[in-house]
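For reference, the structure is listed below as structure tokens.
First listed ligand is number 1; within each ligand, the first listed atom is number 1.
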Amino acid sequence: MFNTIQNKIEQSLKFIKGNHKITEINIAKTLKEIKKALIESDVSYKTCQHIIDSVKQKAIGLNLIDNITPDQFIVKIIKDELKLIMGNKMSNISINNTPTIILLLGLQGVGKTTFAAKLALWIKDNYNKKVTLIAADIHRPAAIKQLQILGEKINIPVYYEDNSNNATNIVLNCLNNPKYKNDDIFIIDTAGRLGIDIKMTNEINDIKKHVKIDETLMIVDSMSGQNAINNAKIFNDAIGFTGIVMTKLDGDNKGGATISIVHTTNKPIKFISTGEKMSNIDIFYPDRMASRILGMGDVISLVEKAQKIFKKTQNKSLKDVLKNDFNMNDFMGYIKKIKSIGNIKELIGFLPKNHHLSSLNQDINTDIFNSFEIIYNSMTEKERINPLRINKFRINKISQGCGKTILEVNNMLEYFQRSKKIINNLKKNKYNTSQILNKIKKNMF
Ligand code: GDP
């Protein structure tokens with residue numbers, strides 16, 4: 001993700017290096033190359049020109065401060081510009097009314113149904129609200145089935161009607177059904193089409209005519225580049241929406257749609273979806289996304305994800321773990337949580353491009369955690385509580401018992417010792433998680 005844009009911008013900066021003042025002449029080649037990088041990454045021409053004009057205006061005539069090179073200056077200006085163009089500030093979803101009704105729209109295949117379930121789970125987990133999903137896609141029976149399966153998986157009720165041919169009636173029947181009278185949030189999954197057609201827009205406008213909708217979210221596949229922007233524009237004119245969700249931001253796409261869509265539609269991006277799993281949903285922060293686009297990494301999101309693991313692990317808070325001696329059971333708890341929140345690559349994607357771990361992006365092998373679990377299962381409870389008991393003889397026995405090599409058992413013990421050292425360092429410095437987060441924030445910006 002964003003590789004093209006990162007590499008090209010990095011290359012363009014070499015033309016400005018070594019200058020003490022930025023002038024119209026010495027910045028020209030850099031700007032030309034940045035423009036090319038943006039256009040090749042599917043940023044719309046209008047947005048691209050806007051970014052270039054702003055960077056030019058802010059950079060020319062600048063006398064550079066000691067220790068800051070012109071290329072660093074330009075990166076900072078581009079970052080600020082990207083942040084502005086993507087909305088500047090995070091935009092909250094509005095869920096304060098009871099009930100709150102959220103309507104999702106978008107073309108077929110963009111990830112609308114998947115997102116409906118993710119959003120339901122996200123609201124339930126973060127706000128402790130009662131959520132119901134409404135399957136109002138009357139044209140694709142498979143979509144209803146898909147929503148039912150997802151609802152079952154995340155334990156959220158799904159309202160649907162067999163053989164109904166009126167989406168508005170489905171929504172009204174659900175809202176008037178006494179079974180759902182105490183629910184806080186309703187999320188409506190509407191029908192998509194391969195292209196925008198009048199029947200579809202009429203159907204959605206009819207729902208909006210009869211039901212007071214609090215949020216209308218336009219779901220956009222970030223892989224579809226310029227088409228995504230054009231479709232969003234048409235949907236905005238024909239139906240109107242209050243926010244945008246960019247899906248498939250985990251894919252190998254150029255990312256330009258994410259940069260141009262707010263500038264083109266004047267509507268905020270509220271969420272991003274970064275994978276097929278139910279946990280792959282994040283609030284959209286323009287600042288963090290600008291850092292990611294430029295390869296500066298999104299360390300804050302990384303830490304927040306890590307905090308989630310800390311919070312959920314075996315019901316122990318970080319504080320509890322720090323109080324006691326970190327043992328093999330705690331270690332396995334973390335490993336299981338890391339596995340359950342998804343791919344390690346996903347986390348590494350948040351790191352700055354030049355971070356030593358980011359080059360592991362393609363090679364990290366999560367099989368190692370399965371192997372750890374197998375080895376762990378061959379240990380006695382006494383060994384798990386006090387791994388120092390595990391001597392050469394026991395390593396041999398554990399290896400024979402679980403079918404892993406002695407080297408693999410030793411690797412796991414070493415990995416455990418390293419984790420324990422990190423935890424002990426945190427303990428020594430008496431940092432709590434929010435202090436750690438603040439420390440990282442300060443170092444980053
Ligand atoms: P809908 O037709 O708009 O309802 O789209 P679906 O929710 O059925 O999604 C279409 C396909 O995209 C499915 O295979 C999903 O698993 C997949 N999908 C949805 N969101 C994401 C995402 O953020 N990343 C990736 N890689 N795939 C996604």
Evaluate Leu249 for polar contact with ligand 1, using N/O atom pairs at a separation under 3.5 Å. no
Just go through Glu276, Gln108, Gln146 and tell me whose heavy atom is the nearest to atom 17 (C) of ligand 1. Glu276
For the residue pair Glu408 and Ile375, what are the closest heavy atoms and their distance? O-CD1, 3.7 Å
Relative to the heavy atoms of Leu107, which atoms of ligand 1 are at a distance of less than 4.0 Å? 3 (O)
Describe, in one word, how the ring planes of Phe331 and Phe416 are oriented to each other, choosing from parallel (under 30°), tilted (30 to 60°) and perpendicular (over 60°). perpendicular
Rounded to the nearest 0.5 Å, how far does CD1 of Ile78 lie from CD1 of Ile34? 3.5 Å
Of the listed options (Gly109, Gly106, Gly111, Ser222), which comes nearest to atom 2 (O) of ligand 1 when hydrogens are ignored and any heavy atom counts? Gly109
Would you find more than 12 non-hydrogen atoms of other residues, nucleotides or ligands less than 6.0 Å from Tyr415 atom OH? no
Output yes when Asp80 and Lys76 qualify as a salt bridge under the 4.0 Å nitrogen-oxygen rule, no when they do not. yes
Is it true that Asp183 and Lys130 make a salt bridge, defined as a side-chain N closer than 4.0 Å to a carboxylate O? yes
Do NZ/NE/NH1/NH2 and the carboxylate oxygens of Lys79 and Asp287 come within less than 4.0 Å? yes
Only heavy atoms of Thr114, strictly under 4.0 Å: list the atoms of ligand 1 that pass. 6 (P), 7 (O), 9 (O), 15 (C), 19 (C)
Option of least heavy-atom distance to atom 4 (O) of ligand 1 (set: Thr113, Asp189, Thr247): Thr113
Atoms of ligand 1, numbered as shown, that sit under 4.0 Å from any heavy atom of Lys112: 1 (P), 3 (O), 4 (O), 5 (O), 7 (O)
May I ask you to identify the nearest protein heavy atom to atom 20 (N) of ligand 1, giving residue, atom name and distance to one decimal place in Å? Ser273 OG, 3.9 Å
Could you check, using the six-membered ring where one of them is a Trp, whether Phe186 and Tyr159 have ring centers closer than 6.0 angstrom? no
At what distance is the nearest protein heavy atom to atom 26 (N) of ligand 1, and which residue and atom is it? Asp250 OD2, 2.8 Å
How far is atom 22 (C) of ligand 1 from the closest protein heavy atom, and which atom is that? Gly275 O, 3.3 Å
heavy-atom search around atom 11 (C) of ligand 1 in the protein gives Lys248 NZ, 4.3 Å
